[in-house]
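Below, all heavy atoms of this structure are taken into account, side chains as well, without hydrogens, waters or symmetry copies.
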Amino acid sequence: MTQEAFATAMAGFGPVPGRVAVAVSGGPHSLALALLTRQWAQENGVALVALVAEHGLRRESAEEATGVATMLAGQGITTRVIPLGLAGGASLQARARAARLKALLAACRELRAPWLLLGHHRMDQAETLLLRASHGQGRGQGQSGLAGMAASRPMAEALLLRPLLGSTPAALEAICAAAALAPVRDPSNRNPAFARNRARLGLNDPGGEGPAVAALSTAATAFATRRARMEAALLQRLGAAVMLLPCGAARIDAAALGRDAVAVALLGRLLRALGGAEHAPAEADIARLLAAGQGTLGGVWWREDGWLLREPALLSPPIAAEAGALWDGRFHLAEAWPGCMLGALGPGHPQAPPQHPPWPAALRAGLPALWRDGNLLAAPHLGWGSPVPSLSFRPQGGPIGTVFAGFAHLGHSPSANTTYLI
């Protein structure tokens with residue numbers, strides 16, 4: 001990985017923002033990424049900040065994080081250490097990854113850094129392909145799961161970028177050696193109790209330069225090309241068949257949706273988003289719902305009139321309206337409302353005004369609302385009460401689509417600057 005090759009990879013991500021963040025664990029790969037990004041940022045007039053997530057799972061982790069920050073400062077890189085305070089227990093690696101990403105994205109939002117660079121490389125891609133293949137092609141994602149990690153992935157807070165996916169670990173180690181940096185070596189990365197470590201040990205190619213890793217990387221690239229074609233088809237079908245509402249509901253034109261593989265995939269994404277789930281239901285179950293044209297699945301109700309709604313009986317109970325709260329797996333509150341609760345509006349509330357055009361009663365009842373001492377304070381999607389600009393539809397499964405204008409056949413024309421995250 002030369003500086004020129006890195007610049008070429010970065011050029012593929014689009015217009016350069018004024019500030020970017022890079023996630024640095026202190027390992028050789030993220031350190032190499034920080035060094036490459038530093039020079040790229042200098043050449044492009046971009047402010048760079050390194051984010052070091054300190055998980056707290058080992059006695060020496062706080063000291064290591066401070067050492068990494070000092071090391072980066074010596075390279076002229078501004079650094080922020082983010083303590084996570086994780087507890088031990090089951091599913092430790094998965095919980096640590098989720099907590100780390102959440103903290104990194106929150107920092108990006110605070111710093112107004114729309115790009116977050118991650119140090120995943122060729123070996124990580126090979127391991128991901130092996131793991132997803134051994135677990136049924138990626139948790140119901142079908143062949144798209146075998147595409148591995150995407151070079152870019154949009155999140156609500158920032159765009160996740162992986163410019164090193166074509167780089168070998170050996171090449172990244174060489175960058176650190178040339179800069180005379182001593183990376184942190186986490187012993188848990190060698191523990192065979194974790195599935196990813198077993199995959200790495202099975203490949204027996206620490207430098208990532210052997211034929212097995214090359215073959216897996218090539219396969220992931222081929223599946224990624226297929227996934228990109230499917231994504232384009234999904235977006236086109238979304239625009240033709242679906243009306244999305246920022247209140248967490250949709251209307252479907254069943255005839256325009258169709259019943260092919262694209263329809264199954266799109267319906268699965270809608271079910272995941274509107275149901276507040278991390279993953280879509282199984283493809284076989286989605287296909288059966290599509291054939292029926294109505295029914296319930298994944299916490300979502302597909303009605304005969306085309307409405308796709310959150311199943312009323314499965315709505316989550318109210319939660320404290322704290323900063324970062326996520327109600328029902330779908331509605332995110334960026335700023336705290338002290339003394340308030342965030343929960344469902346409920347059926348037939350006398351203070352809530354009528355909706356024009358009218359929405360189904362089940363949809364209105366499931367809308368998010370702010371409450372204080374049992375009194376309704378705001379129903380933002382009905383335009384009632386106090387404005388709540390910090391409340392947004394942000395399903396935990398992540399964003400998959402953007403706006404499509406011109407749903408004339410459904411009587412809806414969203415504004416061109418609206419973004420729907422599904």
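- By the neighbour-count criterion of 12 heavy atoms within 6.0 Å, atom CZ of Arg109 is densely surrounded, having more than that number from other residues, nucleotides or ligands.
- Put simply, the side chain of Val52 does not reach to within 4.5 Å of the side chain of Thr66, judged on heavy atoms.
- At a threshold of 4.0 Å, the pair Arg394-Glu157 counts as salt-bridged, since one of the basic side-chain nitrogens sits closer than that to a carboxylate oxygen.
- Listed here is the closest heavy atom pair of Leu314 and Asp328: O-OD1, 4.0 Å.
- Between Leu315 and Gly366, the closest heavy-atom pair is CD1-CA, 3.6 Å.
- The closest donor-acceptor contact from the side chain of Arg259 to the backbone of Ala291 lies under 3.5 Å.
- Using a 4.5 Å heavy-atom cutoff, the side chains of Leu31 and Leu72 are in contact.
- To the nearest 0.5 angstrom, Glu54 atom CD is 7.0 Å from Leu84 atom CG.
- At least one side-chain heavy atom of Leu376 sits less than 4.5 Å from a side-chain heavy atom of Leu345.
- Remark: Glu63 CD is loosely packed, at most 12 non-hydrogen atoms of other residues, nucleotides or ligands lying under 6.0 Å away.
- Note on Glu110 versus Arg80: salt bridge recorded, some NZ/NE/NH1/NH2 to OD/OE distance being below 4.0 Å.
- The CD1 atom of Ile175 sits 11.0 Å away from the CG atom of Leu181 when rounded to the nearest 0.5 Å.
- Note on ring orientation: taking the six-membered ring where Trp is involved, the planes of Trp40 and Trp115 are parallel (angle under 30°, cut-offs 30° and 60°).
- Counting heavy atoms from C-beta outward, Thr168 and His121 have side chains that stay 4.5 Å or more apart.
- Just one of Arg330, His332, His381 meets the side chain to side chain contact (heavy atoms under 4.5 Å, CB included) condition when paired with Pro368; it is His381.
- The side-chain heavy atoms of Pro318 and Trp327, taken from C-beta on, include no pair separated by under 4.5 Å.
- Note that the CZ atom of Arg229 and the CG atom of Leu234 stand 13.0 Å from one another [nearest 0.5 Å].
- Salt bridge annotation for Asp260-Arg237: present, with a cationic side-chain nitrogen under 4.0 angstrom from a carboxylate oxygen.
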